[in-house]
Amino acid sequence: MTTQATTPREDTAPEHAPPTRGFLAKATLVTASLSVAGALLGLVRDQSLARLFGAGRDTDAFLVAWTVPEFAATLLIEDGLAFALIPAFSGALARRAQGAPGDPVRALVAGTLPRLALAFAAVGALLAAAAPQLVEALAPGLRDPALAVDCTRLTATCVLSFGLAGYCSAALRAHRRFLAPAAIYVAYNVGIVTAMFALGGHWGVRSAALGVAAGGCLMVAIQLPSLGRQLRSRRTAGSVAAEVAGARPLDIALMATVLLFALCRQSQVLIERFLASNLPAGAISHLNYAQKVAQIPMTLSMMLCTVTFPLVARALADGDIERARTRVERDLAVACCLVLLGTAAVVACAPQLVQLLFQRGAFTAEDTAATASVMRVYALGLLGQTLTGVLVRSYFSAGRATWYPVAAMAAGIAVTSWLGAWTVGSWGVTGIAAANALGITVTAGLLLSGMRRRTTRQNSSRSVPIRIGRVLRELGRTLPAAVAAAGAGALVASRLTAPVTGLLAGGATVTVVFVLLGRALGAQGCAPALRFVRTLARRLAHAVLR
């Protein structure tokens, strides 16, 4: 893909030098390109699951077991562990640059990795042993709990592999090495898809769970060489014992807050599947397929933040709060613009998307209609998901404990639980999706509101005190453009019977209307967001067609 042209240039921005705009652009494109490739392979994985096993009791059983890797990815790779480790590695790099004795980075690894690996292994073993009780708690109305138990015992292995993968990813990103961390989901999904097609005829849906275990190991394997090079290149004369003795332990309170936040955020999935387990067979599957497709715009919008989070943490470690604030505010503008454009496209073209992606084999037209209706409702929460993902980084980027994000996320979960329980009887899976969207939007609003209080505090170095007025003004410009674009795109797409032409025409209409209105209203994130999408599309087209 794009790696040949960009990989060598990573070395032009060592971890001590200020990053150039060109380095940030290339690092973002590398991350986005491989993340999109991983997301596309994730769609291939979901398509394969739908084609081979449909949307019934087998896939429902597997998706209950899928809760383990979903939680592990959020806790150990994407949000939780990264929020604690990236600031820790950024602080170690800052001390190294200041001439601290020995190597603070190697000391951090020696003092933390063995203990964390032991904890990951213990939790994975506990989940495997308690698989029957876990399945009963997650989905008490499941039709085939025995199959779900078998799959859960296989997926429990990912606690160790994901934990190690997340550790490597955080260390490499703090060193401004983004290639290997961005490729982990490519390797992961290759493992799952290969296992399903190679073993699906004999093992059934259990082959997908085995693929999860294999994919987790691949995530670690592709990062170890790069991390090893970073650590070996900084070897000093000190002994390993001296490095361990000089290590600064991770802040236990920080670990508790970031993991609880990530746990609360991912518990939305638990609520969805708990409520849907008592609906007719296939309800959990419809929610899963809708969620996976609808989340693609959010994933794309967060790519820039993935690259810049280590830079924000390093700026705070250096005491440069203004540089950190400018970076976060710029990221917010671009991320919100991207996710609103994607949301408008998903709402406008949901039936065409689902039909093209999934309607084949055991996945019927009725499944398409049910999934598309859920997807449109679920997409209404994508802005809240993106705001939450960006804002929480500003709370934790200083590497210090703060309980406010946990409280905000808990409030959102309470809204999701109450509204979901109230609407599931009359609205079914659509009510569950609406509860999810409203709950995460409440969390985003609380996190944004909390910034006002932190901006006026004297100890604002504990987080990045962004200026709320700028964020709200930017949203006031892009939200109307997204609403108008979604309406126009849905009208055009519904007039065409073929799903391909409907998707293309609807998507083009959404883009044109959004761009014209966004620029007319003065949206600042519109131009950089479009440049990012255009460059990414050109790179991906070149990689596919060459």
Side-chain angles (χ1 to χ4, degrees), residues 7 10-11 13-17 19 27 30-31 34-35 72-73 75-97 100 102-120 160-185 187-188 216-236 240 243-244 246-251 254-255 258-259 262 305-317 393 396-399:
T7 305
E10 284 190 338
D11 295 330
E15 62 267 18
H16 300 319
V30 167
T31 302
L34 288 173
S35 297
L75 289 171
L76 304 177
I77 298 176
E78 296 163 8
D79 289 342
L81 197 63
F83 291 157
L85 287 176
I86 288 178
F89 276 104
S90 297
L93 288 167
R95 294 194 299 276
R96 172 195 282 174
D103 186 349
V105 176
R106 287 176 57 83
L108 178 62
V109 173
T112 58
L113 181 56
R115 298 172 186 176
L116 288 175
L118 183 61
F120 298 149
L160 175 59
S161 58
F162 280 27
L164 296 177
Y167 191 97
C168 294
S169 178
L172 288 171
R173 282 192 281 161
H175 282 84
R176 301 180 192 172
R177 299 296 182 266
F178 298 100
L179 179 63
I184 59 176
Y185 286 110
Y188 176 59
C217 296
L218 291 176
M219 294 168 86
V220 181
I222 64 171
Q223 294 186 96
L224 282 179
S226 181
L227 181 59
R229 285 193 298 270
Q230 295 303 312
L231 297 178
R232 283 196 302 271
S233 65
R234 301 289 179 175
R235 180 177 289 277
T236 62
V240 174
E243 288 178 344
V244 174
R248 295 190 181 183
L250 289 177
D251 189 332
L254 172 63
M255 289 290 292
V258 297
L259 291 178
C305 303
T306 299
V307 171
T308 59
F309 179 49
L311 308 182
V312 174
R314 182 60 184 271
L316 290 177
R393 284 166 167 78
F396 289 125
S397 52

Q: So how far is it from Ile222 CD1 to Cys217 SG, rounded to the nearest 0.5 Å?
A: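 Separation between the atoms: 12.5 Å.
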Q: Once you round to the nearest 0.5 Å, how far does SG of Cys168 lie from CZ of Arg173?
A: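 Reported to 0.5 Å precision, the distance equals 12.0 Å.
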Q: Nearest heavy-atom pair of Ala110 and Pro114: which atoms, and what distance?
A: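 Reported closest heavy-atom pair: O-CD, 3.5 Å.
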Q: Using every non-hydrogen atom in the two residues, find where Ala187 and Leu218 come nearest and quote the distance to one decimal.
A: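 So the minimum-distance heavy-atom pair works out to O-CD1, 3.5 Å.
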Q: So which heavy atom on Val220 is nearest to which on Ala165, and how close?
A: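 For Val220 and Ala165, the tightest heavy-atom pair comes out as CG2-N, 3.8 Å.
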Q: What is the distance from atom CG of Leu113 to atom CG of Leu118, rounded to the nearest 0.5 Å?
A: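 Here the rounded value is 11.0 Å.
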Q: Might you work through the side chain to side chain contact (heavy atoms under 4.5 Å, CB included) test for Val109 and Tyr167, ending with a clear yes or no?
A: CA-CA 9 Å; Val109 173; Tyr167 191 97; 3.9 Å; yes
Q: Does the Gln230 side chain pair with the main chain of Leu172, one donor and one acceptor, at a distance under 3.5 Å?
A: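 Not a single qualifying donor-acceptor pair exists.
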Q: Kindly give the heavy-atom pair with the smallest separation between Ala171 and Leu227, and that separation in Å.
A: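 The answer is CB-CD1, 3.7 Å.
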Q: Leu160 and Ala117: which non-hydrogen atoms are nearest, and at how many Å?
A: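 Looking at all heavy atoms of both residues, the closest pair is CD1-O, 3.7 Å.
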Q: Check the pair Ile77 / Tyr188 against side chain to side chain contact (heavy atoms under 4.5 Å, CB included), numbers first and verdict last.
A: CA-CA 13 Å; Ile77 298 176; Tyr188 176 59; over 6 Å; no
Q: To the closest 0.5 Å, what do you measure between CG (Leu224) and CZ (Arg229)?
A: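 Here the interatomic distance stands at 11.0 Å.
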Q: Can you tell me how far CG of Leu81 sits from CG of Leu259, rounded to the nearest 0.5 angstrom?
A: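 Reported value, rounded in 0.5 Å steps: 7.0 Å.
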Q: Any idea which heavy atoms bring Phe162 and Ala73 closest together, and the distance?
A: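 That would be CD2-N, 3.5 Å.
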Q: Evaluate side chain to side chain contact (heavy atoms under 4.5 Å, CB included) for Gln223 paired with Ser169, printing each intermediate quantity in order.
A: CA-CA 7 Å; Gln223 294 186 96; Ser169 178; 3.4 Å; yes
Q: What pairs with Ala92 under side chain to side chain contact (heavy atoms under 4.5 Å, CB included), at least two apart in sequence or on another chain?
A: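 With neighbours one apart ignored, the set is Arg95, Pro104, Val105, Leu108.
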